[in-house]
Protein chains: 2
Amino acid sequence: MAERTFLDGLRDRATRLRIHSIRATTAAGSGHPTSCCSAADLVAALFFDVMRFRPAEPQAVDNDRFILSKGHAAPLLYAAWVEAGALSPDSLLTLRRIDSDLEGHPTPRLPFVDVATGSLGQGLSTGVGMALAARMDESDRTVFVLLGDGECAEGSVWEAAQIAGHYRLDGLVAIIDVNRLGQSQATMLEHDVQAYRKRFEAFGWRAIVVEGHDMGQVVKSLRSARRRSGRPVAVVARTVKGKGIPEVEDRDGWHGKPLPADTAKRAIDSLERQLHGATLPDVRPPTRRPASLAAPSRLVPMPAPAYEIGASVATRQAYGEALAKLGKLNPAIVAVDGDVKNSTYAERFLEACPSQYVEGFIAEQNMVGTGVGLGVCGKIPFVSTFACFLTRAFDQLRMAAISRANLKASGSHCGVSIGEDGPSQMGLEDLAMFRAVPGSVILYPADAVSAERCVELAAGHRGIVYIRTTRPKTPVLYGPDEPFDIGGLKVVRQDAADRVTVVAAGVTLHEALRAWAELRQRGLAIRVIDLYSVKPLDRPGLLAAARATGGRLITVEDHYAEGGLGAAVLDAVAGEGIRVHKLAVTELPRSGAPEALLDRYGISARHIVETVLEIAPGG
Amino acid sequence: MAERTFLDGLRDRATRLRIHSIRATTAAGSGHPTSCCSAADLVAALFFDVMRFRPAEPQAVDNDRFILSKGHAAPLLYAAWVEAGALSPDSLLTLRRIDSDLEGHPTPRLPFVDVATGSLGQGLSTGVGMALAARMDESDRTVFVLLGDGECAEGSVWEAAQIAGHYRLDGLVAIIDVNRLGQSQATMLEHDVQAYRKRFEAFGWRAIVVEGHDMGQVVKSLRSARRRSGRPVAVVARTVKGKGIPEVEDRDGWHGKPLPADTAKRAIDSLERQLHGATLPDVRPPTRRPASLAAPSRLVPMPAPAYEIGASVATRQAYGEALAKLGKLNPAIVAVDGDVKNSTYAERFLEACPSQYVEGFIAEQNMVGTGVGLGVCGKIPFVSTFACFLTRAFDQLRMAAISRANLKASGSHCGVSIGEDGPSQMGLEDLAMFRAVPGSVILYPADAVSAERCVELAAGHRGIVYIRTTRPKTPVLYGPDEPFDIGGLKVVRQDAADRVTVVAAGVTLHEALRAWAELRQRGLAIRVIDLYSVKPLDRPGLLAAARATGGRLITVEDHYAEGGLGAAVLDAVAGEGIRVHKLAVTELPRSGAPEALLDRYGISARHIVETVLEIAPGG
């Protein structure tokens with residue numbers, strides 16, 4: 001096909017994308033047509049010239065991938081897949097309806113959406129993960145991420161940019177749609193495309209500035225970007241918001257607003273007149289199907305844990321050892337750590353499986369987003385840092401849930417038991433955070449054996465799993481053959497005479513065991529439960545214990561009183577009229593020795609004993 | 001004093017800072033002496049030559065300010081204040097003890113610490129807030145922020161950098177201690193100081209590269225940095241981790257490790273031999289006390305709300321109107337919004353009080369950090385964005401609590417009631433997040449009058465207050481003189497015959513009122529509570545209502561089931577054996593019309609009616 005005719009065909013595709021986007025949002029009565037129109041030429045060139053993929057098999061491993069980081073331009077994405085033949089044009093008119101999978105922002109309810117977007121600044125991190133996976137798998141697929149200019153204000157974009165630059169991820173292309181206007185006013189940099197170029201270059205990228213509505217330039221630059229050059233590539237495109245809709249082009253106050261019916265009609269008429277009637281270019285398939293990219297095999301189970309009962313081992317160390325052990329058997333397991341691998345013990349995994357490890361440096365948002373991207377590509381990603389620093393990535397975790405991601409996170413150094421480093425390093429809200437992530441699993445082992453089993457359970461579970469580990473060493477409680485399950489609990493002390501049930505996990509389980517011993521001296525029996533699976537939890541098991549002990553439950557946790565283990569237990573049993581006495585950290589803690597802090601903040605054996613004596617009849 | 005002698009005096013100060021840092025951490029048995037030593041020359045020059053402050057009045061408004069963003073170098077900070085005469089040298093030997101305010105990372109338990117640090121990458125945002133406050137107050141004080149090189153991997157640093165560049169905050173100086181080594185390995189950029197320079201320049205800064213142990217160069221560059229030049233200034237200092245301790249200098253594996261006693265002794269002996277015995281330079285006081293910087297006056301109260309009962313107004317709009325009204329009366333009120341001011345209605349404040357508004361763009365971490373910094377300087381900052389995007393700043397909120405910050409946050413667009421935009425835009429975990437912030441207050445108004453009162457309550461309360469607002473319009477329920485209090489609730493429907501109490505807030509209160517009307521038709525009376533103060537909550541009020549209605553409580557909330565309003569109620573009453581039936585969102589929602597989504601996810605009037613009928617005797 002002659003170049004001129006070919007470009008006209010792409011221009012027609014772009015025009016059709018605009019028409020679809022306007023029609024869909026006007027039908028829906030809400031949405032972002034102007035944000036679609038600025039990027040229509042870029043997306044047309046990507047889908048119908050530059051990217052190599054099979055529309056009927058959107059998840060095929062050899063496909064190039066496209067992430068719409070500026071998720072509010074969802075209709076443009078849907079329109080592109082309509083034009084590619086993977087969606088019916090009629091479906092666009094169901095946009096944003098409760099019975100439609102064409103949601104307001106893209107979600108993986110649609111087969112061609114790898115990750116949900118719509119919280120800005122997250123797509124590039126996902127792209128980093130997908131590009132890293134491609135490199136590990138020796139695939140030549142390229143990952144394209146379309147970002148808005150406004151979203152480049154998100155620090156997470158620069159976390160991703162620096163990591164991509166550092167690892168020279170030349171399979172990653174960022175396209176910046178510099179349309180000058182944010183939601184409520186102009187962006188900081190407006191049309192200063194050179195500033196974007198300088199920033200990406202300073203972060204180790206090759207950057208190309210392009211007129212985003214000049215199809216010839218767009219095609220040339222994107223083709224160039226797809227070629228491997230030892231660096232990731234940023235295509236900085238100067239565009240006009242609302243391009244193709246003369247009444248709103250480049251005008252403030254038109255973000256997130258559908259066109260009224262008459263304006264839409266005029267715009268569509270005008271766009272239709274721009275169609276060249278050229279032959280429309282087709283999607284280009286990938287050139288190869290790499291053999292190494294087979295679906296991940298089932299998890300190879302680990303041999304039984306090798307710890308001796310009574311030995312003193314920190315659960316964070318057991319986490320690292322278990323991950324190393326599992327990783328050697330399962331090449332799909334990948335770990336990313338935030339420059340604390342000597343604290344989280346992810347370094348054990350690095351030592352054992354160096355090619356499966358990615359150093360994430362001190363950039364937790366990108367670490368989580370990268371994990372999501374690795375998971376999309378069939379890896380089983382474990383990301384780790386201090387529990388408190390995972391709060392940095394709450395929005396990424398929230399979006400991971402909407403993305404139905406397969407992601408494992410480990411937070412070490414939970415609670416006041418970390419001691420002298422003080423409150424800034426204590427994870428005291430991580431359980432509340434992960435409990436509020438829909439569909440998540442939360443595992444909180446109290447000893448090395450259960451920690452090892454939790455790692456295995458996490459790897460085998462499809463979804464988001466959080467493993468909470470503890471800084472100080474704790475004694476091994478369980479034998480090598482003890483079974484653990486997601487949703488299980490262990491009754492570690494019981495007797496027919498038990499008068500109260502104490503529910504604990506992690507470091508507080510050992511406090512509960514101390515309390516048990518002390519109370520036994522006084523002739524008072526208590527039941528002790530290890531609630532290693534905080535979410536889901538074994539409600540029947542908890543109820544049975546509570547009923548066997550007069551309906552009296554004490555929860556004790558190294559976490560703030562809100563939203564943690566005690567709250568989980570309350571949620572499970574409160575409807576049954578069972579009274580729960582919650583011991584938790586109820587004020588801002590300070591530096592000090594771990595044991596002193598457990599005691600000062602009311603979660604030591606002494607407090608458990610006192611609470612038992614207070615509530616147990618005859619206690 | 002001759003320049004040579006003067007520099008020797010500064011060198012001696014630096015040497016003494018190293019000695020103090022080594023001694024303190026070895027005595028504590030933990031801590032980060034090597035991270036102190038790399039920055040000792042920089043801090044000596046700052047404290048004893050460049051900064052203008054009064055050590056005895058560390059919070060005086062005319063002082064230059066210093067933020068140790070690399071908070072793990074806390075002993076260096078404490079040592080500097082010892083040398084400045086504000087702390088006794090002996091106190092250094094109490095470092096990290098439970099009875100000492102010299103915590104492992106700095107907290108405002110010490111009078112010279114404005115904000116807690118230790119979660120990396122947050123100090124520069126605080127500095128932005130403090131520099132903005134200085135500009136608003138026409139103060140010439142300069143804010144110095146010392147960052148580690150490793151922490152520059154945090155995206156929040158670049159959020160702050162871009163905003164400082166955009167606003168040309170020439171009262172802000174960042175000093176980057178490029179010591180090459182992170183916690184677990186070398187940083188990405190190692191000693192590539194030019195890369196840091198390029199990055200800061202690309203983000204709109206003036207950048208100076210300096211040898212960080214050459215006191216002459218350090219002094220010259222920091223003096224130059226303090227001079228106003230229309231741009232913020234980054235001093236990129238090439239340093240050596242552990243400088244001055246020959247056995248560990250520039251060696252990996254020595255992060256966060258105190259020196260063993262013998263190594264410490266050898267290091268201190270060697271450092272003491274380096275002392276010149278020069279006259280030590282003193283701290284320099286500020287040149288003026290600007291009159292405009294008086295302590296903020298008491299809040300001028302607003303006139304009563306002017307809404308008509310039954311009028312339809314979104315609480316987010318009432319938030320913006322109230323803030324504008326309050327801001328006009330109180331110049332200390334400042335608002336920052338994340339480029340959604342036309343959605344949160346912060347634009348009303350911008351229109352009314354333009355000089356008190358700062359556009360924060362799409363950078364929520366920096367927005368919250370900036371708010372903290374504004375609060376330190378006597379402003380009453382209100383930051384706003386969609387409720388879900390505040391999750392982006394959970395770590396900043398966590399640190400704000402440790403900083404005992406005076407910060408108000410408003411999250412609009414909570415819950416599934418936002419409708420068609422879909423799950424990425426729905427705040428469904430914000431209550432869980434803010435409840436887990438120690439000392440926080442959470443207000444969740446259901447109508448315009450209470451929203452206006454909540455803004456006033458928030459402004460008048462010293463601490464962290466979260467105001468949750470709703471997207472759709474809701475009818476005005478309360479008259480202009482209705483009183484509201486932090487920790488209060490409203491019984492909006494009651495009768496002696498009530499058989500169940502329904503506790504709701506925000507949009508679900510209106511669903512509860514619909515259920516009340518429908519049940520009344522059926523001859524069944526229910527009590528309805530508006531729990532507008534979710535934290536703290538009125539426990540006696542809840543218990544009284546529960547007891548008056550047979551111990552039967554239903555909670556209904558537009559939030560996930562974990563950690564929200566229902567959890568707060570459970571926490572308050574479960575110890576009393578009261579059964580709580582929680583209605584909340586229990587799965588990942590999707591796009592759709594607001595009413596349809598409320599119904600689909602089980603929190604509409606219909607579900608309340610059904611639950612009442614299920615549990616009310618004879619219902």
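Chain A is the first sequence line, chain B the second, and so forth, proteins listed ahead of strands; every chain is numbered from 1. What you see is a predicted model, and the numbers here were worked out from it, not measured in a lab.
Only the side chain of Gln396(B) comes within contact range of chain A, with at least one heavy atom under 4.5 Å from a heavy atom of that chain. Proximity to chain A (any heavy atom under 4.5 Å) is restricted, for Ile578(B), to the backbone atoms N, CA, C and O. Heavy atoms of His105(B) lying under 4.5 Å from chain A belong to its backbone as well as its side chain. When heavy atoms are compared at a cutoff of 4.5 Å, Asn366(B) does not approach chain A at all. For Cys388(B), the parts lying under 4.5 angstrom from a heavy atom of chain A are both the backbone and the side chain. For Met426(B), the part lying near chain A is the backbone, with the side chain staying farther off; criterion is any non-hydrogen pair under 4.5 Å. Residue Ser119(B) touches chain A through both its backbone and its side chain, counting heavy-atom pairs closer than 4.5 Å. Interface remark: Phe203(B) contributes backbone and side-chain atoms alike to the contact with chain A (heavy atom separation under 4.5 Å). Proximity to chain B is limited to the backbone of Ser100(A), based on heavy atoms less than 4.5 angstrom apart. When heavy atoms are compared at a cutoff of 4.5 Å, Pro106(B) does not approach chain A at all. Interface residue Thr187(B): only backbone heavy atoms are found under 4.5 Å from chain A. Contacts of Met399(B) with chain A are made by side-chain atoms alone, with heavy-atom separations under 4.5 Å and no backbone atom involved. Within the 4.5 angstrom heavy-atom criterion, no atom of Ala584(B) approaches chain A. Both the backbone and the side chain of Gln183(B) come within less than 4.5 Å of a heavy atom of chain A. Contacts between His255(B) and chain A at a heavy-atom distance below 4.5 Å are absent for every atom of the residue.
Judged by distance alone, with hydrogens and angles left aside, the side-chain atoms of Trp158(B) form no donor-acceptor pair with the main-chain N or O of Glu159(A) at under 3.5 Å. The main-chain N or O of Pro108(A) is never found under 3.5 Å from a side-chain atom of Arg404(A) such that the two would form a donor-acceptor pair.
One finds a salt bridge joining Arg109(A) and Glu103(A) here, because a Lys/Arg side-chain nitrogen approaches an Asp/Glu carboxylate oxygen to under 4.0 Å. With salt bridges taken as basic N to acidic carboxylate O contacts below 4.0 Å, none links Arg97(A) and Glu420(B). We find that Lys341(A) and Glu359(A) are joined by a salt bridge, their nearest charged nitrogen and carboxylate oxygen being less than 4.0 Å apart. A salt bridge does not link Lys70(B) to Asp149(B): none of the charged side-chain nitrogens sits closer than 4.0 Å to a carboxylate oxygen.
Contact tally against chain A (heavy-atom pairs below 4.5 Å) for Arg392(B), Gln365(B), Gln162(B), Glu429(B): the top residue is Arg392(B). In terms of non-hydrogen atom pairs under 4.5 Å with chain B, the most contact-rich of Leu189(A), Leu553(A), Asp101(A), Thr586(A) is Asp101(A). Contact count versus chain A (heavy atoms, under 4.5 Å) is highest, among Leu597(B), Asp421(B), Leu431(B), for Asp421(B). Looking only at heavy-atom pairs under 4.5 Å with chain B, the residue among Lys582(A), Gln425(A), Met433(A) that has the most is Gln425(A). Listed options Gly592(A), Gly104(A), Ser591(A) were ranked by heavy-atom pairs under 4.5 angstrom with chain B; first place goes to Ser591(A). Note: Asp395(B) leads Asp99(B), Val585(B), Leu428(B), Asp395(B) in heavy-atom pairs under 4.5 Å with chain A. When Met188(B), His581(B), His32(B) are compared by the number of non-hydrogen pairs under 4.5 Å with chain A, Met188(B) comes out ahead. Considering only heavy-atom pairs separated by less than 4.5 Å from chain A, the leading option among Arg435(B), Lys198(B), Glu587(B) is Arg435(B). Between chain A and the residues Gly118(B), Ser184(B), Gly155(B), the most heavy-atom pairs under 4.5 angstrom are made by Ser184(B).
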- Could you give me the CA-CA distance, side-chain angles and deciding distance for Lys535(A) and Ser440(A), then say whether side chain to side chain donor-acceptor pair (under 3.5 Å) is met? CA-CA 7 Å; Lys535(A) 183 184 174 191; Ser440(A) 66; 3.0 Å; yes
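Here CZ of Phe389(B) is found 9.0 Å from CD1 of Ile362(B). Values are rounded to the nearest 0.5 Å. Here the CD1 atom belonging to Ile402(B) is positioned 11.5 Å from the CG atom belonging to Leu397(B), to the nearest 0.5 angstrom.
Between His166(B) and Phe361(B), the two ring planes are perpendicular [angle over 60°; tilted spans 30° to 60°].
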